[in-house]
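First comes the structure, then the notes that go with it.
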Amino acid sequence: MTTPRLFIVIPCYNEQEVLPITAPMFLDKLKSLAEAGKISADSRVLFVNDGSKDKTWEIISELAKEDEHYIGISQSRNRGHQNAVLAGLMEAKDKCDITISIDCDGQDDINAMDKMVDAYLDGCQVVYGVRSSRETDTFFKRATAQGFYKFLAMMGAEVVYNHADYRLISSRVLQEFANFKEVNLFLRGMIPLVGFKSTSVSYSRAERLAGESHYPLKKMIALAVDGITSLSVKPLRLITGFGVFVAFVSFIGVLWAIITALLGRTVAGWASTTCIVCFVSGVQLICLGIIGEYIGKIYMETKQRPRYIISERTWEQD
Ligand code: UDP
Ligand code: MG
């Protein structure tokens with residue numbers, strides 16, 4: 001096997017503080033991997049600017065001028081982390097043999113890349129980076145992140161536990177993945193669906209080197225909803241199950257009502273009626289909301305809008 005060409009794919013959104021610190025780290029890692037003979041010397045660090053409003057794209061363009069190993073593409077507007085990673089992977093898939101996607105804030109330990117490339121050389125097509133500990137996260141971040149994985153699993157969306165979007169994917173797998181046309185993206189749940197031999201390597205997650213997180217609770221919840229609706233219809237089944245249960249209880253209620261009426265023991269049941277009406281209408285609204293969530297996703301899918309639009313590249317296209 002010839003030494004593989006690696007593209008490190010890095011989504012960046014408003015990262016002007018951290019990029020000048022981490023960019024040289026990625027380049028050093030690329031060079032040390034090349035020196036060790038694990039990857040070819042024409043490997044690249046590919047930045048994906050996700051419509052940043054600060055100087056991120058200027059910094060990427062400057063880097064590309066300084067060293068040919070740095071290249072960048074820019075999305076025409078901010079589309080979110082998942083779409084940025086996808087844009088980078090699709091850009092890379094025909095140009096390299098392996099990709100490693102990683103955040104640009106230095107939180108994911110770049111030294112795990114050695115183990116990832118080793119696993120690829122051993123025949124794995126996908127290597128998941130898995131966090132071994134979350135000691136450096138705040139208690140709140142840790143609790144919400146763990147709740148996120150548990151909730152996903154409960155709702156039938158199986159994902160690799162504590163794996164975010166730090167992973168190696170071979171271009172072989174990406175060629176197949178390109179056939180997954182959905183616009184509702186949840187990469188960490190979709191990549192396992194492609195199959196092929198995979199493994200995981202663990203690393204410890206550090207604190208952000210600079211700048212601040214773009215993943216507040218609101219975005220985490222949105223990601224969880226995307227993940228569940230993208231991978232599973234279990235919530236719909238739960239509704240059905242719950243509907244059957246409520247229908248059964250109602251049936252008993254109806255029998256009870258008829259019997260008491262026949263016995264002439266009916267009383268002014270205002271409180272019980274109100275409780276039942278409130279409860280059932282609440283349940284119905286929640287169920288409608290869940291169904292609506294799926295219909296919304298179908299609506300977005302049928303439009304088949306592009307998942308990313310690349311407006312600029314740091315190199316001339318042939
Ligand atoms: N990111 C992006 N688009 C966005 C939000 C974030 O490309 O709309 C990138 C961001 O630059 C970083 C990665 O996604 O490289 C992860 O974001 P962040 O570090 O803010 O999330 P956290 O690590 O706190 O979950
Ligand atoms: Mg981060």
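Any value given below was found using the heavy atoms of this structure, including those in side chains, with hydrogens, waters and symmetry copies removed. Ligands are counted one by one from 1 in listed order, and the atoms in each one are counted from 1 as well.
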Item to check | Sequence neighbours excluded, every pair satisfying side chain to side chain donor-acceptor pair (under 3.5 Å) that has a member inside residues 233-261 | outcome: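 Pairs touching residues 233-261 that pass the test: none.
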Next on the checklist: Could you check whether Lys31 pairs with Glu35 (Lys NZ or Arg NE/NH1/NH2 to Asp/Glu carboxylate O, under 4.0 Å)?
Outcome noted: no
Checklist entry - Taking NZ, NE, NH1 and NH2 as the nitrogens, is one of them in Lys29 or Asp109 under 4.0 Å from a carboxylate oxygen of the other? => result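 Judged by the 4.0 Å cut-off on N to carboxylate O distance, Lys29 and Asp109 do not form a salt bridge.
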Checklist entry - Counting only protein N/O/S, how many atoms fall short of 2.8 Å from the Mg ion (ligand 2)? => result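 Every protein N, O or S atom under 2.8 Å from the Mg ion (ligand 2) counted, the figure is 2.
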Checklist entry - With sequence neighbours excluded, what pairs up with Phe151 under the ring-ring contact (aromatic ring centres under 6.0 Å, His included) test? => result none
Item to check | Side-chain donor or acceptor of Tyr70 paired with backbone N/O of Ser61 under 3.5 Å | outcome: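 Here the side-chain-to-backbone pair does not exist.
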Checklist entry - Would a distance-only check, ignoring hydrogens and angles, find a side-chain to backbone donor-acceptor pair under 3.5 Å from Arg5 to Ile98? => result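 Checked: no pair found.
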Checklist entry - Only one of Glu301, Lys303, Lys297 forms a side chain to side chain donor-acceptor pair (under 3.5 Å) with Tyr299, so which one is it? => result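 The residue from Glu301, Lys303, Lys297 that satisfies side chain to side chain donor-acceptor pair (under 3.5 Å) with Tyr299 turns out to be Lys303.
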Checklist entry - Does a side chain donor of either Asp108 or Tyr203 reach within less than 3.5 Å of an acceptor in the other side chain? => result yes
Item to check | For ligand 1, the residues whose heavy atoms come within less than 4.0 Å (ordered by chain, then number) | outcome: Pro11, Cys12, Tyr13, Glu15, Asp50, Asn78, Gly80, His81, Ala84, Asp103, Cys104, Asp105, Gln107, Lys141, Arg205, Arg208, Ser213, His214, Tyr215, Lys219
Item to check | Neighbour count above 12 (heavy atom, 6.0 Å) for Lys53 NZ | outcome: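 Yes, enclosed.
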